[in-house]
Amino acid sequence: MYMSTDEIRTAFLKFFESKGHQIVPSSSLVPANDPTLLFTNAGMNQFKDTFLGIEKRDYSRATSAQRCVRAGGKHNDLENVGFTARHHTFFEMLGNFSFGDYFKQDAIQYAWEFLTKTIGLPTEKLLVTVYKTDDEAFDIWHNTIGVPADRIVRIGDKEGGKPYESDNFWQMGDTGPCGPCSEIFYDHGDHIWGGPPGSPEEDGDRFIEIWNIVFMQFNRQADGTMENLPKPSVDTGMGIERIAAIKQNVHSNYEIDVFQQLIKQVADNIGVDDLGNQSLRVVADHIRSCAYLIVDGVMPSNEGRGYVLRRIIRRAVRHGNKLGAKGAFFYKLVGPLAAIMGTAGEALRDQQTMVEKVLKIEEENFGRTLERGMVMLEEALDKVQGDVLDGETVFKLYDTYGFPADLTNDVARERGYRIDEDGFEAAMEAQRQRAREAGQFGTDYNQAIKVEHGSDFCGYTGTEGEGSITEIFVDGAPVETLASGDHAVVILDHTPFYAEAGGQCGDAGVLITEQGRFAVTDTQKVGQAIAHYGSLVEGQLLVGSTAKAQVDAARRQAIALNHSATHLLHAALRQVLGEHVAQKGSLVRPDGLRFDFSHLEAVSHDELKAVERIVNEQIRANHSVQTDVMDIDAAKQKGAMALFGEKYDDKVRVLTMGDFSIELCGGTHANRTGDIGLFKITSEGGIAAGIRRIEAITGQDAIERVYQQQADYKAKLDDAHGKAKALEKQIQQLKQKLAAQESAGLINQVRELNGVKVLVSQLDGADNKALRSMVDDLKNQMGSGIVLLGNVADGKVGLIAGVTKDLTGKVKAGELVNLVAQQVGGKGGGRPDMAQAGGSDVAALPQAIQSVDAWLAERL
């Protein structure tokens, strides 16, 4: 009977829930507190500490559908993805677990019942394996379950290997929990080549492992001795893709419902008809790992998990390019994937927009370099002598164009070549060495001092305290007495001085004893001690004497305000930009703050304004800054975020600002958010791939910055106003010059009417303000005469009349200009020798000007 992948997942979890198992959600693909793993690669990862007895849970039976990625480190299937039937970067592992509860009998019975009863696999299609000496498991399979002996295969140690080095013996490491395995295989039929496990043809595709049951019953000692565990446990795993292939009557995982829908979606997006193309398989596989890695907080970068993610994205984009993709296409698969994944798609649906944005930016960035890099690679392959592409070229492609070595290897393999991996690694190591040499700067306080005593910090509640001097160092060497003027390091058993940590810079101040005075310029942590760096300014210091420690309170307060502001900034960035924002570093100084965070693109001006506004709203809300000390689990349950690079003890300080910000933090802070006064962002920029940096100031510094900006704006405004006035004056002068030039042309239009010189003319587009100068100039040139000019500018009529003084007894300029003005919808007037007017009827101007001659003839 056909079952969808989603139906299988649900049936598995419900089956084991009915057997008393707690359904546990899939854990993150980023293993929590496990530096041995790059990614979660098995269902048991989240229960590792439970199996080791370190962690106690409320249940002894669990079941899960765990998201897994194998694309880096020890478990790396990347190169095989798309070219085999069952390799994936992302897969789901169905599992059931017993923590000292049931053991072999129940584990085997549960597996068999689920496979043969719940989902109805035919028993004759199944065969099992056991470790060669595991007679107990063999007996259960044969006598209890009823599997024929000829369908139970005993698997021994690998030839030439160590004892217990077998496919059927699991171990967590060289020492620790371990035990035999029992695997269940499905026979796809004799029409497919391959033999059963343990046979020479076992690598064929006929018999496929679908379930592995690990019996943790021993604790392996360093000398190889196997001790029985007091509480034997069970860890099982069944790949959902493999069981789906069986229930959907197909042989390849890429033929199951999830992949067929994805492959069809990829083909539709790109415009491909051949659904059997292997590149479609690659893209369909890679969108699953990329989307879920981003959901779990991994961002594309050039190192660690982010680098693996970038490699997978670029591999997918390159295969899309091979298929003929035009423009960004990969990010468009996120929405369809969320729907296709069914009950496992909820987390992706919740963060779909963010995942799409991250993928689109990364895809577009790589798309711009892919074409140039491919041209270089093709040219390099054309020049290859033999079948090996040299490591230097592979490195250059990586360093210049961002081509991961395995991407280059993919292309080379398609052309029948391989890459020089050793040469590439040598070039990479040379680059790492150059980076190390370039990065050797600064002072490492810890190297020069070997401190024997610890210090207690007592500065959360005040800036003054008293402590005994336990050690003094000069040039790294311990001394009993510090002479005047010496630079030194002083250790106190109790101190209010905060040592640099969590991005907060160390305190400064003074240490005072009966014998001397020591100016502290910096405070650092050295092991368990708090080290005061500075110099003696008066008297002397003696080991064993009591010192009054006074922190520079104003400086501490400025630091505290900036530190509290970083918490508000972090929360505001997550609110404006998205939940993917995570702190990647910070620096809190008295004169400002620096905050580094994960984000793939520049923060826009509007986004920065929104962040700044939100932070200042929280400042005005004047929340109490509350600090609680609690165990780490309680802090996580409260929703506290851990800060980048910090190490936390079992007991942690949880800093809460209203309901806006909850973070783990050991630094010093304001009493209320209102103490911060004002928050002002001064800069934003990128410092690395996917990492942005904001710098800001608070308090009086922010106020002074606002004052300075106001002064700067006023100065710029005054300067602009002065320049505008100068330009206006210059323009007016030019207009007057232009009027003079135009009047020189008009003088040729002067004619005589009854023995009097008369100039009547219409202008278009002249400057009305310059008309007066033009008329004065024309009157001067005429000596004796009458001038009337009509001008059309900006859709309006301008009129001006001028009469030399010897003629004003006969003709008044005001009467003349009013004659014309009345005909163009206006009126005007002025002195007898000069008058101006305006009008709105432009069309009437020519006829009005023609009426002037008759009017003048009556008066001359």
Side-chain angles (χ1 to χ4, degrees), residues 3 5-34 37 39-69 91-115 117-119 170 172 177 179 181-182 184 210-217 229-240 243 292 295-296 341-348 350 631-639:
M3 291 182 73
T5 302
D6 205 34
E7 288 171 338
I8 293 170
R9 184 189 301 110
T10 300
F12 183 89
L13 296 176
K14 291 297 184 183
F15 172 82
F16 280 100
E17 185 180 41
S18 74
K19 302 297 183 182
H21 291 64
Q22 172 74 39
I23 297 178
V24 180
S26 172
S27 64
S28 170
L29 287 170
V30 178
N33 301 317
D34 190 347
L37 288 175
F39 298 116
T40 297
N41 58 27
M44 64 82 62
N45 290 163
Q46 68 168 309
F47 303 115
K48 185 174 178 180
D49 287 346
T50 310
F51 283 123
L52 290 170
I54 299 172
E55 178 186 13
K56 301 297 181 184
R57 301 215 177 194
D58 296 334
Y59 45 84
S60 59
R61 298 182 177 201
T63 184
S64 67
Q66 176 63 51
R67 301 192 297 267
C68 300
V69 163
F91 60 95
E92 286 185 89
M93 186 65 75
L94 303 174
N96 59 287
F97 310 92
S98 165
F99 313 118
D101 190 335
Y102 62 83
F103 199 45
K104 294 183 183 180
Q105 178 80 34
D106 288 339
I108 290 172
Q109 286 186 321
Y110 290 153
W112 195 256
E113 180 182 348
F114 178 78
L115 290 175
K117 303 294 186 196
T118 303
I119 64 173
W170 177 90
M172 192 173 287
C181 304
S182 186
I184 305 174
I210 57 173
W211 198 311
N212 184 20
I213 311 172
V214 175
F215 306 118
M216 296 187 198
Q217 64 184 107
L229 288 172
K231 292 185 177 181
S233 299
V234 172
D235 159 28
T236 81
M238 179 172 70
I240 198 172
I243 204 68
Y292 279 100
V295 164
D296 286 337
M341 290 299 288
T343 55
E346 183 178 353
L348 183 53
D350 289 343
D631 62 63
I632 189 73
D633 289 336
K636 290 178 180 177
Q637 289 177 3
K638 189 176 181 180

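On a predicted model such as this, the values are computed, not experimentally measured, just so you know.
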Please tell me if the side chains of [X] and [Y] come closer than 4.5 Å, counting only heavy atoms from C-beta onward.
{"X": "Pro232", "Y": "Phe103", "value": "yes"}
{"X": "Asp106", "Y": "Asp101", "value": "no"}
{"X": "Asp296", "Y": "Thr40", "value": "no"}
{"X": "Val214", "Y": "Met216", "value": "yes"}
{"X": "Phe215", "Y": "Ile108", "value": "yes"}

For [X], what residues pass the side-chain hydrogen bond (donor to acceptor under 3.5 Å, both in side chains) criterion, not counting sequence neighbours?
{"X": "Lys231", "answer": "none"}
{"X": "Thr118", "answer": "none"}
{"X": "Asn45", "answer": "none"}
{"X": "Tyr102", "answer": "His21, Asn96"}

Practice item. Could you go through the side chain to side chain donor-acceptor pair (under 3.5 Å) check for Thr63 and Glu17 one step at a time? Key: CA-CA 7 Å; Thr63 184; Glu17 185 180 41; over 6 Å; no
For the [atom1] atom of [X] and the [atom2] atom of [Y], what is their distance to the nearest 0.5 Å?
{"X": "Asn212", "Y": "Asp235", "atom1": "CG", "atom2": "CG", "answer": "7.5 Å"}
{"X": "Leu115", "Y": "Met238", "atom1": "CG", "atom2": "CE", "answer": "6.0 Å"}
{"X": "Met341", "Y": "Arg9", "atom1": "CE", "atom2": "CZ", "answer": "5.5 Å"}
{"X": "Ile213", "Y": "Lys104", "atom1": "CD1", "atom2": "NZ", "answer": "11.0 Å"}
{"X": "Tyr292", "Y": "Leu348", "atom1": "OH", "atom2": "CG", "answer": "5.0 Å"}

Check your understanding: What residues form a side chain to side chain contact (heavy atoms under 4.5 Å, CB included) with Met93, not counting sequence neighbours?
Key ->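 Counting only residues at least two positions away or on another chain, Met93 forms a side chain to side chain contact (heavy atoms under 4.5 Å, CB included) with Cys68, Phe91.
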Exercise for review: Would you please name every residue forming a side chain to side chain contact (heavy atoms under 4.5 Å, CB included) with Ala62, sequence neighbours left out?
Suggested key: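 Listed in chain order: Val24, Phe47, Tyr59, Phe97, Phe99.
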Donor-acceptor check, side chain of [X] to backbone of [Y], threshold 3.5 angstrom: yes or no?
{"X": "Gln46", "Y": "Pro25", "answer": "yes"}
{"X": "Ser18", "Y": "Phe15", "answer": "yes"}
{"X": "Ser233", "Y": "Phe51", "answer": "no"}

Review point. For Trp170 and Met44, what are the C-alpha separation, side-chain angles and deciding distance, and is it a side chain to side chain contact (heavy atoms under 4.5 Å, CB included)?
Key: CA-CA 12 Å; Trp170 177 90; Met44 64 82 62; 4.0 Å; yes
Check your understanding: Which atoms form the tightest heavy-atom contact between Met3 and Ala11, and what is the distance?
Key ->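 In this case the closest contact between Met3 and Ala11 is CE-CB, 4.1 Å.
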Point to revise | Check against side chain to side chain contact (heavy atoms under 4.5 Å, CB included), Val295 and Leu29 | key: CA-CA 9 Å; Val295 164; Leu29 287 170; over 6 Å; no
**Study point:** Phe16 ring center near Phe12 ring center (under 6.0 Å)
**Key:** yes
Review point. Step by step, would you call Leu94 with Ile8 a side chain to side chain contact (heavy atoms under 4.5 Å, CB included)?
Key: CA-CA 10 Å; Leu94 303 174; Ile8 293 170; 4.2 Å; yes
Practice item. With side chain to side chain contact (heavy atoms under 4.5 Å, CB included) as the test, would you mind laying out the steps for Asp58 and Gln22 before giving the verdict? Key: CA-CA 9 Å; Asp58 296 334; Gln22 172 74 39; over 6 Å; no
Point to revise | More than 12 heavy atoms of other groups within 6.0 Å of Glu346 CD | key: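 No, the 6.0 Å shell around CD holds no more than 12 heavy atoms from other groups.
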